[in-house]
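The figures that follow rest on heavy atoms only: side chains count, while hydrogens, waters and symmetry mates do not. Start at 1 and go down the list; that is how both ligands and their atoms are numbered.
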Amino acid sequence: MTTEIYLDGNATTAVLPAAIAAAADAMGQRYGNPSSSHGTGLKAKVLLDQTRACAARLLGVGDGRLMFNSGATEGIQTAVLSALVALRERRERGEAIGSLLVYGATEHKAVPESLAHWNRLLGLNLTLQKLPVDQDGAHDLALLRELAPRAALVCTMAANNETGIVTNLAAIEVLLAETGSAAYWLVDCVQALGKLDLDLASTRIDYAPFSGHKLYAPKGIGMLYVRAGAPFTPLIMGGGQEGGQRSGTENMAGIAALGAVLSALERGDTFRSHHQLASFRARLAESLRAALPGVVFNNPFDKSLPTTLNFSVPGLSSRELMDVFDAAQVRVSSGSACSAAKAAPSYVLDAMHAPLWRSAGAIRMSFGPLADEATINDACRRIERCGAALRASCLIPSERTAVPHDGLLQLGVEGACSWMVLDAASRSCIVIDPLPEMTTRIESYVRCQNYQVQAIVSTSLDTDRSMLISALGRHVDSHAATDAYGWPAAAHAIQLGTQTLLSVSDGAARHYLLGEAVDAALPPQAVRFVFSARPAVEALRPLTCAQTLLCPTRDEHNQFCVGMAAPAATAAPAALQLDSAALDAFLQAHPDAELVDVREPYEFAATITPGAAGRSARSVPLSRLAEHASSWLHAEQIPLVFFCRSGNRSLKAAQLLRRLGHGQAYSLGGGLALAPLAHAA
Ligand code: PLP
C-alpha cells in the first residue's frame, strides 16, 4: 500500500504517538478537572503544573506568565488586546503614547487583522504601519529605527510560515533599546517552537504566542508567554482558571499531549538536530533542481528554518505543481491562495519583491523535526517522478520528443482560451486565438512535440499573433502572407492531415469550421467543431449540423464547448454525483460503464496507484474534453463516470456531457481523495 508523504509541516503536523498516548491517558485515567479539590482533580492539576513547568524551562519564561489557551490566534488576540488596553489607559491618564502599530509585512494574517480589529473596537485610532522587508525577507531595520520612537506596539514574527525565514530578533532588540522606544513587542513564535532556541525572559519580548499543532501536538492547544511586568488583560473571563488569565476549564487532553511533546524536546532524544534537518532540506532541493529545470528557491536557506523550502518553477502555476505532487501523494501547499481560474499571488513573496510569476506560482514544502531519512529518500524519488510526468506532458522542457498528440487542445486562462488543432501523423498543428499568457505554454508544447505550426489564426482583429510567431522560431513560417486574421492569403481551406479548416466571415468576426472534408468540400454534417468568439451564432447554423460543437474563445463559466442545438435541461449536481460508497454497485450494475480520469496528463502520469485493485480508467483531461465529447456523442451511449482529485473537475465534465444531451454522464463525488482507484498506465 503506498503511503502519502506529508511535507506540509508548517500548516500542521501529525500527532506524536507519545502525545496521543498522553491525551488518551488524560481523557481515560486522569480525566479530572484541575480546579476540583478532590483526588481526581488533584491528579489533573499535577499534570497541568508539570506541563507548565516543563514549558517554562524550555522557553526560558523566568518570572513571566505562561498560560495555556486554544492556539496562536487566541494568543495573538490576547497580546494585542493587552497592549492596546494598556495604551488606552495610559493615554487616558494623559501620558504620551506612540501613534503607530508597526507590523512586519510578512506577518501571519492573524497579526494585522487583530491589530485592526482591536484598534477599532477600543477606539484607539492608532495608525497601522506595515514594515517592509527586503528580497531576503529581512525587516527594513533602517525604517524601523526611524519609526521606533513613534511606535506603540511592534510585531515581528520569529520565523515566517511560508518561507521559514528567521527574523533577526537580536538586532531588533538592540534597535529598540538604542532608540529608547517604549513600544510593546509581540513576537509570533509559532514556527519557531522546536526549531529555534528560545530564552524569552532574557529578551525584551513582551508577548510570544505558540500553537501546539505545529509541533506534533493536536489542534486546539496553544500557549502565550507574557513578560513579567508587561500589561495583561484577559480575553476570556469566567471561572478564573489559569490564575484568572484565561477562564474556561482547561483542555487537559491537549495540555497532556503538548506536555509529551515538550518533554521529548527537553530530553533531546526524539527530534533531529538542525544539522540533520538542513541536510534533509539540501537533499530535497537537489531533487527539485534535477526534476524541475529552472526551479528558483524563494527563501535563502542560510537565513531560514532548516525545515522549509519555498520554490517556483518557470512556466508552471502553483495549481499545476500542487496537482502533480498530490497525484504522487506528496502533500505540499501552494504559497498562495488558489482560485480555480488563477492563483492569487503570495503576499509574503510580494512583500519580498519577488516577480509575479514566482509569487503566484510558489510551492511550500515543509517538514517537521521528526522527519526521517527513509521518508526524505522516498520524497526525492517521487519528486523525480513528478518531473518525468511534467516533461512527458511538455510542461517543462524535455530532451526527448514526446509522443505526439492528436485532436483538439484547449488552453484557458481567466475565462479566455486558445485552441490548438493537432495532427500527429503530419506533426503539424494550427493555433486559434493565441493568448499572450499562453505563449510559453504553446511554444514548449510545439517544440517538445516537434510540430510545424501551419497557421496562427484569430477570431477577432485585436489578437496579437506576433509574440507567438517570434517565440516559435523555425516551427512556423514567419514570412507566410496572411490576412489580418492570420489566415493564409488566397487559401480557401487549410488542410491538416485528413482534417479541413474553413474560415467564415461574419461582419468583423471570423469563425472557423473544422471537420473531415468530403470531396474537397465541408458539408454541414461533416463539421465537428466551430471556433468562434461568440457563444451563439445564428449565421453558422446552415453551415453546421446538430452534432457540431461550438468551441468558444471566451469560456468564463468553464463550459469547454456548447452544442449548436439547444442545450438539454440542466440536471442538479446531486443527480450527477455518484458517491464513493455507491461506485462499486454502480459499476457492477453497468459493466459497460467507462471510468474517465479528467485530471491533466501529468497528474495521471505521476499517480501512485494505490494497492486496492479496481477498474482501470481512461485519461481524458479537461483540456481535451471537447474532442472526446464529440466522439462520445457520435458513438452509442454508454455510462461515463468522470473522476478527478476532489470531484470539481469531474462534475464540470459530467455537466458538459449532460448539457450536450448525453443521458448517462456521472461524476465521482469527493474524487480520488475519497475513492482511490487503480488507473491504466
Ligand atoms: N502565526 C503563524 C506564523 C502561523 O503559522 C499560524 C498558523 O498557520 C498562526 C499564527 C495561527 O495559528 P493557529 O491557527 O494555530 O491559531
Any sub-3.5 Å donor-acceptor pair from D372's side-chain atoms to T375's backbone N or O?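 Flag set: sc D372 to bb T375 pair under 3.5 Å.
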
Under 3.5 Å, side chain of Y103 to main-chain N/O of A105, donor-acceptor pair present?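 Flag not set: sc Y103 to bb A105 has no pair under 3.5 Å.
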
Does any N or O atom in Q191 lie less than 3.5 angstrom from one in ligand 1, N or O only?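 By distance alone, the answer is yes.
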
Distance filter under 4.0 Å to S211 heavy atoms, resulting ligand 1 atoms: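 Checking each atom against S211, I get 12 (O), 13 (P), 15 (O), 16 (O).
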
Just jot down the ligand 1 atoms closer than 4.0 angstrom to any heavy atom of M157, in number order.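 In order of number, 3 (C).
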
Structural part of T73 in contact with ligand 1, heavy atom criterion under 4.0 angstrom: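 Both backbone and side chain of T73 come within 4.0 Å of ligand 1.
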
Could R65 and Y225 be counted as a cation-pi pair, given that NZ or CZ must be under 6.0 Å from the ring centre and within 45° of the axis?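 R65 over Y225 ring: no.
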
Are F271 and Y216 close enough that their ring centres sit under 6.0 Å apart?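 Between F271 and Y216, the centre distance is under 6.0 Å.
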
Above 12 or not: heavy atoms from other molecules or residues under 6.0 Å from NZ of K43?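 Result for NZ/K43: open.
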
For [atom], what is the nearest protein heavy atom, given as residue, atom name and distance?
| atom | answer |
| --- | --- |
| atom 2 (C) of ligand 1 | D188 OD2, 3.4 Å |
| atom 4 (C) of ligand 1 | H108 CD2, 3.3 Å |
| atom 8 (O) of ligand 1 | K214 NZ, 2.5 Å |

Testing the basics here: between T106 and N160, what is the closest heavy-atom pair and its distance to 0.1 Å?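 Looking at all heavy atoms of both residues, the shortest contact is O-ND2, 2.7 Å.
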
